[in-house]
Amino acid sequence: ATFGDVVAGATVAATSLPQYIAYAELAGLSGLRGVQTSWQPLLAFAFVTRSSTLSVGVTSITAIMASAALGGAEYKELHGEDAWAQLLGAFSVLVGVASWVLAACGATRLVAYIPGAVRTGWKLGF
């Protein structure tokens, strides 16, 4: 790794840290859990791809949707934050497996039917 790579990595880490905290809180977890669990997927991604430009991470809408779909506030109140974190983890794995199955079945061909302007908006983060 060059000095520029180290600086780039440190910059991304510094700017991503507030996101990890905020997204964990949007999902109904403490910000600390967001920091504690953010590095494992990124490390795994580094070993399974050759892309130097692809960015991977959770988004605010993902955190909100997971919390809403699973009844986050009620579940956390009844069972505690540790149980809620375990449920979110299991849900995340299930979503990942479903994504792999859909890709294996050729669902990626459906992207051709999404208007170009919408795909551009997703790429730009809108």
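Residue numbers start at 1 and run along the sequence shown. Note that the coordinates shown come from a computational prediction; the quantities given were computed from them, not determined experimentally.
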- [ ] Quick one: pull up CD1 in I114 and OG1 in T120 and give me the separation to the nearest 0.5 Å.
- [x] 11.5 Å
Open item on the list: Could you see if L26 belongs to whatever hydrophobic cluster contains M65? Use Ile, Leu, Val, Met, Phe, Trp, Tyr and a side-chain cutoff under 4.5 Å.
Closed with: no
Task: Single-linkage hydrophobic cluster, 4.5 Å side-chain cutoff, W122 and L110 together - done: no
TODO: Please check if the side chain of S67 supplies one atom and the backbone of I64 the other of a donor-acceptor pair under 3.5 Å.
DONE: no
Task: Residue E77 excluded, over 12 heavy atoms near CD under 6.0 Å - done: no
Task: Distance (rounded to the nearest 0.5 Å) between E74 CD and H79 NE2 - done: 10.5 Å
Open item on the list: Ignoring hydrogens, what is the shortest heavy-atom contact between G31 and A24? Give both atom names and the distance.
Closed with: CA-CB, 4.3 Å
- [ ] Supply the atom-to-atom distance L78 CG to K76 NZ, rounded to the nearest 0.5 angstrom.
- [x] 12.5 Å
Task: T62 vs Y23, side-chain contact (heavy atoms from CB on, under 4.5 Å): CA-CA, chis, key distance, verdict - done: CA-CA 9 Å; T62 307; Y23 294 161; over 6 Å; no
Task: Pairwise distance CG(L88) to OH(Y75) - rounded to 0.5 angstrom - done: 9.5 Å
- [ ] Supply the atom-to-atom distance T37 OG1 to L32 CG, rounded to the nearest 0.5 angstrom.
- [x] 9.0 Å
Task: D82 CG to L29 CG distance, which is reported to the nearest 0.5 Å - done: 9.5 Å
